[in-house]
**Student:** 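The structure under discussion is supplied below as structure tokens; questions concerning it will follow.
A quick note: this is a predicted structure, and the numbers were derived from the prediction, not measured. Lettering follows sequence order; numbering is per chain, from 1.
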Amino acid sequence: MNPKKTVIFGLLGTVLDGAGKREDRWQKWRPTVSLFQHEELLVHRFEFLHDEIRDGLAGRVAADIATVSPETKICQHKVQFRDPWDFEEVYGTLHDFMHAYRFDPDREDYLIHITTGTHVAQICMFLLAESRAFPGKLIQTAPPHRSRRPNTGSYTIIDLDLSKYDRLASRFRQKMRDDVSYLKSGIETRNAEFNRLIERIERVALHSTAPLLLTGPTGAGKSLLARRIYELKHQRRQVAGPFVEVNCATLRGDAAMSALFGHVKGAFTGAVSDRPGLLRAADGGMLFLDEVGELGTDEQTMLLRAVEEKKFLPLGSDREVASSFQLVCGTNRNLQADVAQGRFREDLLARINLWTFRLPGLRDRTEDIPPNLQYELDQFARSTGAHVTFNKEAASRFLAFAASSEAAWTANFRDLNGAVVRMATLAPGGRITVGEVEEEIARLKAAWRREAMTGSDEDVLRRMLSDEQFDELDRFDLVQLAEVIRTCRHSRSLSDAGRALFAASRRRKSSANDADRLRKYLARFGIDWHDLFRE
Amino acid sequence: MITIDGSMGEGGGQVLRTSLALSMLTGQPFRIEKIRAGRDRPGLLRQHLTAVRAAKGICGAEVVGDAIGSQELTFTPCMVSGGHYEFAVGTAGSATLVLQTVLPALLVAKERSTLLLEGGTHNPWAPPFDFLQRAFLPLVGRMGPKVRVELDRYGFYPAGGGRFRVTIDPVAQLAPLELVERGEIHRKRATAIVSQLPMDIALRELKVVGKRLGLVVDPPDIVFVKDPVGPGNVVLIEVESENVTEVFTGFGQHGVRAEAVAEKVAKEVRRYLAAGVPVGEHLADQLLVLMATAGGRFRTVAPSRHTTTNIEVIKAFLPSEIITACVDEARGVWEVEAKKM
């Protein structure tokens, strides 16, 4: 066992340490000397800071310390404060001292004595310890309280690492739980991965003003989460300005530039007055750019400059304007792939994806369907005033469907929201029965099937494949695979689809087993027949 | 290995110091647990650590657990070697307690020793220097070794900073000590010492002890400390008898009147005189460890908790039989006998 050595740093207290005449100084409480008079506090070294003028007093104090504490090595350091009440000077001097000092925290424990020195010096020492420029704890001494022992007094060691205090730590944990719960809109989600994700977001959101990027499929809750992050930061007084949300997919052409960056009167035909633009509206607040991947290249360039320099040029203006906001972006696209294809600026992506959080879709969180279902019912009650419930059988029927492979949930929580609103509206007497549920299941299935049939090649494939798989596809395969999938979905069975797809070869009798050929083709993309009907 | 329960009896630093002294003396390793358990600052304090390190230095011991607040310590002694040693005690802790720890082993070491001890010389929780010099060490001399002490500087609480030198001429084997009769009282003497405090304090103290003990205090015997390190005051009463000299000490304290200090020590002296025994309570404590190795007996007042605790620790290290018996209940006279096995 080799216990760590204790090292104390302290400033000479010109008043308290100089207490008493030479004769009766031992009758007085002198904070610096008192540090070394405690039987249970063994100090191996004292780094004693004082100025030139007080050399005499410092010498006497050091000699008295040596008497009461022969175990302590005393190192005197001269530090000069022209004005010991000047914060900048004192902080700078102490900071330089600490910076130059060779700390060895593996072998030594450090304490800094905050009872002596001006109040400014005490504040500086506190700040140095708090910022870890001084890697130790605070020690505060106090005079004796009518003690028999005339001058030893007491001391308190204060650790600024708040996590070391059980009650504080549990309070912070509770606060964090509250915040996390707030970000989840109070929904008691059970999916462990999702819960971890939200905890991470909470930590980052409250400790960083860097841009956040929220990815994930449509309807996964990016927009709601962005607004919740803003509200949490607003409550904490971390942002004062407004929450400005815009879906970039709705911005096209000249209007996009103007909407985002504003214009001056007369910038173009129809610009009859100044328009500040959304970026300026978000000044001091938060800007949420949803579908950021849909932004045009010019807008991307402007946005990059606005994010990097907090300045941009409104349309038609020759004067830059400033706006400082926290940027949150949302996308369901693979922006890396867009960068590779030259559709998205690499430098802008690097700026906005310092923190990327991928929100899982509803199908990856089936255990969260029941609490979300309850949440949707509560929301319905709040907006319509109608309290609607499921009967037991209806609830279990709906949940069984919702978690099954039959349910595609292509628009994720947006689909769930729509389903609940429809069932709740149609429910007789505020009670959803199996009837409404079956009707809704049929409606959802039909909608998903329609979507699967009518979607663009890209939509069809994106729903089938992972982002990585999709990005690997050549355009050539993209068209072919999309058509194969559509055909399959129209068919009753694999053989049926095979017959349809290979009808020509079949007529020439050059193909023996259409079903097998189709199965092998799909397998090349990791697709199984049954996968096709999950969506 | 010998295991000592550090919380036994009065459970303070004395258990540790006695264990260290006996371990060095007998060459037996020991482990002490629950050091100062139940105190508001449990475990080893600085003064204990100094004693442990002094003991370690003198016998080249291997030590585990020598840290502030440690409640367990293992001490494995090697060879005791005499020579020159210097020890300094912080917080005005008593340097005499360090001497008490290392002395028994050095009394029977092969070489002569010289020690330079710094720290408190006169503080209320330890035998003061004058007691060692005039009461205890002459009795040690009767057991064979010659020990001389010389005070360089006084060290009072809270400043400490005292210093004294010790010269030890050892013997191979301590002779038994027999101290049953006090004999005729030759002389009673009161001395007051003041450091950085008004002379008046000394005068008032001497006046009270003079009146209570029937002493002539004119001219007053006052030591006015030159080149003082810090303030302090004691009043010493020396009772010199045919077979023994006892020294009693009153400690001046901040906020306690000089007269009260003097009254307290005078009362202690009167109790000793009334009991008619040669050995007072504190002297008994000091003699025990040495007598346990050399054999002998003495008469004293009713054993204190301190004394009974010491006996328990001794029994853990030595096969000696220590018998304490009350021989005169009316006057509270006890006899302590150590039979060497």
Side-chain angles (χ1 to χ4, degrees), chain A residues 1-8 19-46 60-74 107-109 111 143-157, chain B residues 13 36 39-50 53 63-70 72-74 86-95 98 116-120 123-125 153 155-163 195-198 228-232 251-256:
Chain A
M1 187 176 74
N2 203 354
K4 286 197 199 177
K5 292 183 178 335
T6 299
V7 181
I8 296 186
K21 294 188 291 284
R22 291 197 184 195
E23 290 281 288
D24 66 355
R25 66 189 193 282
W26 288 102
Q27 313 283 10
K28 308 283 182 187
W29 176 69
R30 293 177 293 162
T32 297
V33 176
S34 81
L35 282 170
F36 304 90
Q37 291 184 287
H38 300 282
E39 265 290 346
E40 73 288 357
L41 181 62
L42 177 56
V43 183
H44 295 87
R45 198 167 67 248
F46 179 42
R60 285 199 296 282
V61 169
D64 284 346
I65 293 170
T67 305
V68 290
S69 193
E71 302 101 317
T72 306
K73 182 181 172 204
I74 303 165
R107 291 202 189 82
E108 299 178 335
D109 280 328
L111 298 168
H145 180 72
R146 290 180 175 276
S147 164
R148 281 266 186 101
R149 298 179 166 200
N151 45 23
T152 305
S154 59
Y155 68 88
T156 313
I157 291 174
Chain B
R36 303 183 67 259
R39 306 267 173 133
D40 48 317
R41 295 172 299 184
L44 295 175
L45 299 178
R46 282 164 63 185
Q47 51 162 316
H48 307 127
L49 220 47
T50 310
R53 299 211 168 129
V63 182
V64 180
D66 52 337
I68 292 289
S70 167
E72 280 183 23
L73 182 95
T74 309
E86 299 186 1
F87 304 116
V89 190
T91 65
S94 184
V98 176
L116 181 67
L117 290 146
E118 288 185 302
N123 76 25
W125 311 283
R153 270 199 316 260
F156 298 98
Y157 183 83
R163 187 169 75 193
S195 175
Q196 287 185 341
L197 292 172
V229 178
F251 295 91
Q253 257 182 354
H254 197 75
V256 180

**Student:** For Phe251(B), what residues pass the ring-ring contact (aromatic ring centres under 6.0 Å, His included) criterion, not counting sequence neighbours?
**Tutor:** none
**Student:** Sort out for me which of Thr72(A), Val68(A), Thr67(A) touches chain B most, counting heavy-atom pairs under 4.5 Å.
**Tutor:** Val68(A)
**Student:** List for me each residue that meets ring-ring contact (aromatic ring centres under 6.0 Å, His included) alongside Phe46(A), sequence neighbours excluded, and say none if there are none.
**Tutor:** Phe36(A), Phe48(A)
**Student:** May I ask you to test the Glu40(A)-Asp40(B) pair for a side-chain heavy-atom distance under 4.5 Å?
**Tutor:** no
**Student:** Can we say Glu39(A) and Arg41(B) salt-bridge, meaning some charged N sits less than 4.0 Å from an Asp/Glu carboxylate O?
**Tutor:** no
**Student:** Can you tell me how far CD of Gln27(A) sits from CD of Gln196(B), rounded to the nearest 0.5 angstrom?
**Tutor:** 8.5 Å
**Student:** Please give me the minimum heavy-atom distance between Arg46(B) and Ser69(A), naming the atom from each residue.
**Tutor:** NH2-OG, 2.8 Å
**Student:** Just wondering, are more than 12 heavy atoms of other shown residues or ligands nearer than 6.0 Å to CZ in Arg39(B)?
**Tutor:** yes
**Student:** Pick one of side chain, backbone, both or neither for Leu44(B), based on which atoms fall under 4.5 Å of a heavy atom in chain A.
**Tutor:** neither
**Student:** Looking at every non-hydrogen atom in both residues, tell me the closest pair between Trp26(A) and Pro231(B) and how far apart they are.
**Tutor:** CB-CD, 3.4 Å
**Student:** Taking every non-hydrogen pair under 4.5 Å, which of Gly69(B), Ala88(B), Gly119(B), Gly160(B) racks up the most with chain A?
**Tutor:** Ala88(B)
